[in-house]
Amino acid sequence: SLAEEPSGGIHLRGDSSSGKTSGLRVAASVYGGPGYMLKWRSTDNALEAIAAQYSDAPLILDELGMLEARAAGDVAYMLAEGMSKSRLHRTATLKDRQSWRVLVLSSGEVGFGELAQEAGKRLQAGQEVRFAEVPADAGGGFGAFENIHQFAKPGEFAEHLGVESR
């Protein structure tokens, strides 16, 4: 809200062990530690509630491939639009809608387009622009890292950062 910007996302896409999750863990360390990062393994309804809880804060979600493929496009729109689906009470009166403003930092071996294709769907241009897909390869031979400093392997550098796999 301070920047008066809408919701959207950045999706780090790359091979396994490229450092995507390490990058997300470093981001999560700024906002609350290891428990701050969540997994994509949720229903679209649950993601609405989660987004509302994280309003005006980063929402860090790992492993996009865990999201149901049929929901990929709808979830991209929903998170970026910042408002839950309209629903009715049992009495046919309108429930209050949840709203949020989040910057989603995501990772996965697949992108939203590929995930939607698994379900036989195609992403619309509006869905694709809401989540910028960034390759998790900095081009230096170290996966997502540009430099691993004095360490022999990217995994050793990730371990030093305190973001090794747990």
Side-chain angles (χ1 to χ4, degrees), residues 6-55 57-85 98 100-146 148 153-155 157-159 161-166:
S7 295
I10 298 168
H11 178 69
L12 301 176
R13 182 182 178 280
D15 295 335
S16 179
S17 300
S18 62
K20 303 176 305 293
T21 299
S22 294
L24 267 59
R25 285 188 177 126
V26 168
S29 74
V30 175
Y31 293 96
Y36 191 87
M37 183 178 78
L38 306 173
K39 298 286 186 183
W40 274 105
R41 184 172 160 70
S42 297
T43 64
D44 50 351
N45 289 340
L47 284 168
E48 286 180 357
I50 290 167
Q53 288 177 336
Y54 282 72
S55 191
L59 175 55
I60 302 173
L61 297 166
D62 193 25
E63 298 297 345
L64 178 63
M66 298 174 86
L67 180 66
E68 288 185 41
R70 65 172 179 72
D74 293 338
V75 166
Y77 260 141
M78 178 265 299
L79 287 173
E81 288 302 313
M83 181 133 332
S84 66
K85 186 187 321 186
Q98 295 186 83
W100 55 83
R101 188 179 349 223
V102 293
L103 174 61
V104 180
L105 181 57
S106 168
S107 75
E109 293 177 30
V110 298
F112 281 92
E114 289 172 276
L115 196 58
Q117 282 181 336
E118 285 180 24
K121 295 184 174 187
R122 192 174 144 261
L123 286 187
Q124 303 300 315
Q127 292 165 310
E128 291 180 307
V129 299
R130 283 165 171 78
F131 275 83
E133 190 169 299
V134 177
D137 186 343
F142 307 122
F145 299 115
E146 289 181 354
I148 58 172
K153 298 178 183 174
F157 180 55
E159 191 172 319
L161 292 174
V163 297
E164 73 281 355
S165 295
R166 294 182 174 110

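Just so it is clear, the values below take in all heavy atoms, side chains as well, and ignore hydrogens, waters and symmetry mates. By convention here, the first residue in the shown sequence is residue 1.
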From N45 CG over to S84 OG, what is the distance, rounded to the nearest 0.5 angstrom? 9.0 Å

What distance do E109 atom CD and L115 atom CG have between them, rounded to the nearest 0.5 Å? 12.0 Å

Is the shortest heavy-atom distance from the side chain of P58 to the side chain of L105 under 4.5 Å? no

Where do S7 and A80 come nearest, in terms of heavy atoms and distance? CB-O, 3.5 Å

Applying the side chain to side chain donor-acceptor pair (under 3.5 Å) test to D62, which of K39, R41, R25 qualifies? K39

Considering all heavy atoms, the nearest D137-G140 contact: OD1-N, 4.4 Å

Would you give the length of the straight line joining atom CH2 of W40 to atom CD1 of I50, rounded to the nearest 0.5 angstrom? 9.5 Å

Heavy-atom neighbours of D15 CG exceed 12 at 6.0 Å: no

Note: S18 and G14 closest approach over all heavy atoms is OG-C, 4.0 Å

Heavy-atom closest pair, residues I148 and P154: CG2-CA, 3.8 Å

Parallel, tilted or perpendicular, judged at 30° and 60°: which one describes the rings of F157 and F145? perpendicular

Where at least one partner belongs to residues 64-83, residue pairs that pass side chain to side chain donor-acceptor pair (under 3.5 Å), sequence neighbours excluded: E68-R70, E81-R130

Considering only heavy atoms from C-beta outward, does the side chain of L59 approach that of L38 to under 4.5 Å? yes

Atom pair OG (S107) and CD1 (I10), whose distance is rounded to the nearest 0.5 Å: 12.5 Å

Which pair of non-hydrogen atoms, one from A138 and one from A144, has the smallest distance, and what is that distance? CB-O, 3.8 Å

If you define the side chain from C-beta out and look only at heavy atoms, does anything of L61 sit under 4.5 Å from L67? no

Euclidean distance, L79 CG relative to D44 CG, rounded to 0.5 Å: 9.5 Å

Rounded at 0.5 Å granularity, tell me how far CD in E63 sits from OG1 in T21. 5.0 Å

Do W100 and E48 touch side chain to side chain, with heavy atoms closer than 4.5 Å? yes

What I want to find out is whether R13 reaches E133 closely enough, with some N-O distance under 4.0 Å, to be called a salt bridge. yes

Would a distance-only check, ignoring hydrogens and angles, find a side-chain to backbone donor-acceptor pair under 3.5 Å from H11 to V110? yes

Closest non-hydrogen atoms of L64 and S106, given as atom of the first, atom of the second and distance, are CB-OG, 4.4 Å

